[in-house]
Amino acid sequence: MKIEEQLLQSAKEAIKALYGADVEDNLLQLQKTKKEFEGNLTLVVFPLLRTSKKKPEETAEEIGAWMAEHCDAIASYNVVKGFLNLVISQKAWLGLLNDIDSDDHFGEKTVNESSPLVMVEYSSPNTNKPLHLGHVRNNLLGWSLAQIMEANGNRVVKTNIVNDRGIHICKSMLAWQKWGNGETPESSGKKGDHLIGDYYVAFDKHYREEVKELVGKGMDEEQAKQEAPLIKEAHDMLVKWEQNDPEVRALWKKMNDWVYAGFDETYKALGVGFDKIYYESQTYLKGKAKVEEGLKKGLFERHEDNSVWADLTNEGLDQKLLLRSDGTSVYMTQDIGTAEMRYEDYPIDKMIYVVGNEQNYHFQVLSILLDRLGFKWGKELVHFSYGMVELPNGKMKSREGTVVDADDLIAAMIEDARRTSDELGKFDDMSEEERQEIARIVGLGALKYFILKVDARKNMLFNPEESIDFNGNTGPFIQYTHARIRSILRKAAANSSLCTLHSSLNMKEIELVQKMNDYAAAVEQAGKDYSPSGIANYCYELTKEFNQWYHDYSILGAEDEATRDLRLVIARNVAKIIKNGMALLGIEVPERM
């Protein structure tokens, strides 16, 4: 039984013995003892005064005396007003350390066939351009959230919905037809997503020239945007696509396949993936059918122009368009269709959408509509809403000059990690292959940690130089501490045994064991809050506390063998928890740096 559980159980028994009453669990509050007082954990007595019918100090004193006599985990106690400060016994701390040591995934819950099924959707790219910095934040948040939900005992399905249809896709296709001269990823040496992105930019360039020319001839700008020959051709291509024109569909498939191959390279470099990928070209018709079904049931209404709407005024919102007058679908319709397909594929208990905060209203509406349509998780769907990410300067801008390209960013981070490590002399005794691999781990760790340590709801400024720092609240600082511990353990030349009850922990070591024990609470809270930043900040706090302890106390040079073995057990488990915690963020930790 965990120390906290022992203390709460003992407090319950004390109240029953002293005051003849059973106390509700929510009235028993344990918190860490404030640093200025002696103790490790503090029982707050104020909620218990109605039961004891005595003053706070007297109640605390009586409960403390009973618990000290009957609970082995308590060495001593003291009372400060209505706070009962409990000093935990060496035996209990050593028992806790052994419990941590015996569990490779201490603090994380196991998953079985009856565990709740959670689906996490993230990435959601368009097939007309490569992934950019915004997608990087989205993918890292989605992947991490999936790991955190699994660590909280859920079965998890990671999904992606690809926006592979629409006018923006036709623009790239038309531009390639006109100016591509049969260019392919192989003939150009470009990744497929970059190649298609270049043609999307080419379309926009020529289109703007056409609009400018029409305006120069006296046409109104808005009319020119609609009358430009290129946009008309793109719309014609979209109509042909919707009519299943074989040539258009063949071109669409060929170019999308180039893009998917490019996306896969980026996903692999980022260390993220999916269990199931859905495509809007497959879901939008499903959505139309589901809306028509809702219309027949009286859930929606058809207007005079034949468009279909949902009236949400009773929910304090407005009316929402679901089908246009020509019968074509909108994004909301497609999301309903995707939900229907997913529900057919998986018996989902919870659905989490990782989408930027500009879509807050969209998901508020989607939740209501899915609930109306009978999806059991609709009402409680989670929109994991996150803010935008920007760079402090114009560095690492993509060839389009408008967005920060994900591939460029990843390459630059690895290059920065290599240069910084070379300058610090960390690679002196390594082969070139090992240097490159560690540069990859450190560069990506720096990128991921810097993005994930920030509260996802906030807009953030990504500073590449600051993220690579080997000191402070950064990925490389935590990775380096892990590598340092692994080096110490290698030098010890053997795994030490479990610490015996003859060992003795000093105050710093007790704080370190207590901090390791907090990992379970950090994982649980991160799951409740949908907060990768909670895990990131826990890993930093544990790393910082270890380094302070290691600065003050030698491990290999300890005064006797029992102390040395005890400290090796502590170090080994700090490294284990760092590795597991960073894995929840999708971050690797090297064995040496």
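If you read the sequence from its start, that first residue is 1, and numbering goes on from there.
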Given E437, R435, Q436, the one that forms side chain to side chain contact (heavy atoms under 4.5 Å, CB included) with M430: R435
Atom NZ of K253: over 12 foreign heavy atoms under 6.0 Å: no
CD/E247: more than 12 non-hydrogen atoms of other groups inside 6.0 Å: no
Under 3.5 Å side-chain donor-acceptor pair for R249 and N244: yes
Nearest heavy atoms of I169 and N128, plus distance in Å: CD1-N, 4.1 Å
From CA spacing to verdict: side-chain contact (heavy atoms from CB on, under 4.5 Å), F477, D469: CA-CA 7 Å; F477 170 66; D469 197 339; over 6 Å; no
Ring centers of Y122, Y386 separated by less than 6.0 Å: no
E541 atom CD, over 12 foreign heavy atoms within 6.0 Å: yes
Worked verdict on H482 versus M582 for side-chain contact (heavy atoms from CB on, under 4.5 Å): CA-CA 10 Å; H482 176 271; M582 294 291 268; over 6 Å; no
Candidate pair E280 and Y331, rule side chain to side chain donor-acceptor pair (under 3.5 Å), full reasoning: CA-CA 9 Å; E280 288 192 2; Y331 276 118; 5.4 Å; no
Least distance between heavy atoms, A406 atom then T266 atom: CB-CG2, 4.0 Å
M173 to V248 - nearest heavy-atom pair and separation: CE-O, 3.6 Å
Presence of salt bridge, D422 and R418, under 4.0 angstrom: yes
Salt bridge (Lys or Arg N to Asp or Glu O under 4.0 Å) partners of K109, counting only residues at least two apart: none
Non-neighbouring partners of E233 that pass salt bridge (Lys or Arg N to Asp or Glu O under 4.0 Å), sequence neighbours left out: K178
Note: K254-D257 ion pair, threshold 4.0 Å (strictly below): no
F450 six-ring face occupied by K453 cation (under 6.0 Å, within 45°): yes
Ring geometry between F375 and Y343 (parallel below 30°, tilted from 30 to 60°, perpendicular above 60°): perpendicular
CD/E358: more than 12 non-hydrogen atoms of other groups inside 6.0 Å: yes
Chi angles and distances behind the side-chain contact (heavy atoms from CB on, under 4.5 Å) call for V442, Q479: CA-CA 7 Å; V442 173; Q479 289 172 317; 3.9 Å; yes
Worked check of salt bridge (charged side-chain N to carboxylate O under 4.0 Å, His left out) between D405 and K191: CA-CA 12 Å; D405 181 85; K191 280 177 81 237; over 6 Å; no
Check: T420 side chain, A417 main-chain N or O, donor-acceptor pair, under 3.5 Å: no
Distance (rounded to the nearest 0.5 Å) between C170 SG and L238 CG: 4.5 Å
Aromatic Y278 / basic K276 pairing, under 6.0 angstrom, 45° off normal: yes
Aromatic plane relationship, Y353 with F363 - under 30° parallel, 30 to 60° tilted, over 60° perpendicular: tilted
Spacing of CG belonging to L133 relative to CG belonging to N138, to within rounding of 0.5 Å: 11.5 Å
From CA spacing to verdict: salt bridge (charged side-chain N to carboxylate O under 4.0 Å, His left out), R165, E242: CA-CA 9 Å; R165 62 177 285 277; E242 297 217 349; 3.0 Å; yes
Residue E434 excluded, over 12 heavy atoms near CD under 6.0 Å: yes
Spacing of I578 atom CD1 and M516 atom CE [to the nearest 0.5 Å]: 10.0 Å
Least distance between heavy atoms, A456 atom then L141 atom: CB-CD2, 3.9 Å
Steps toward salt bridge (charged side-chain N to carboxylate O under 4.0 Å, His left out) verdict (D204, R208): CA-CA 6 Å; D204 193 55; R208 277 190 275 111; 3.0 Å; yes
Donor-acceptor side-chain pairing of N256 and T127 below 3.5 angstrom: yes
Neighbour count above 12 (heavy atom, 6.0 Å) for K579 NZ: no
Residues R155, D275: salt bridge by 4.0 Å N-O rule: no
Test: K286 and E344 ion pair at under 4.0 Å: yes
Flag for N154-S115: side-chain donor and acceptor within less than 3.5 Å: no
Test log, rule side chain to side chain donor-acceptor pair (under 3.5 Å), inputs N160 and Y267: CA-CA 12 Å; N160 184 0; Y267 290 140; 3.2 Å; yes
For the student: nearest non-hydrogen atoms of G271 and K448, plus distance: CA-NZ, 4.3 Å
Under 3.5 Å side-chain donor-acceptor pair for Y346 and T159: no
Lys/Arg-Asp/Glu bridge criterion (N-O < 4.0 Å) met for R457, D455: yes
Worked verdict on K576 versus N573 for side chain to side chain donor-acceptor pair (under 3.5 Å): CA-CA 5 Å; K576 175 181 78 181; N573 284 284; 2.9 Å; yes
Residue list, side-chain hydrogen bond (donor to acceptor under 3.5 Å, both in side chains) with E466, at least two apart or on another chain: none
Note: E340-K288 ion pair, threshold 4.0 Å (strictly below): no
Considering all heavy atoms, the nearest R486-A575 contact: CD-CB, 4.4 Å
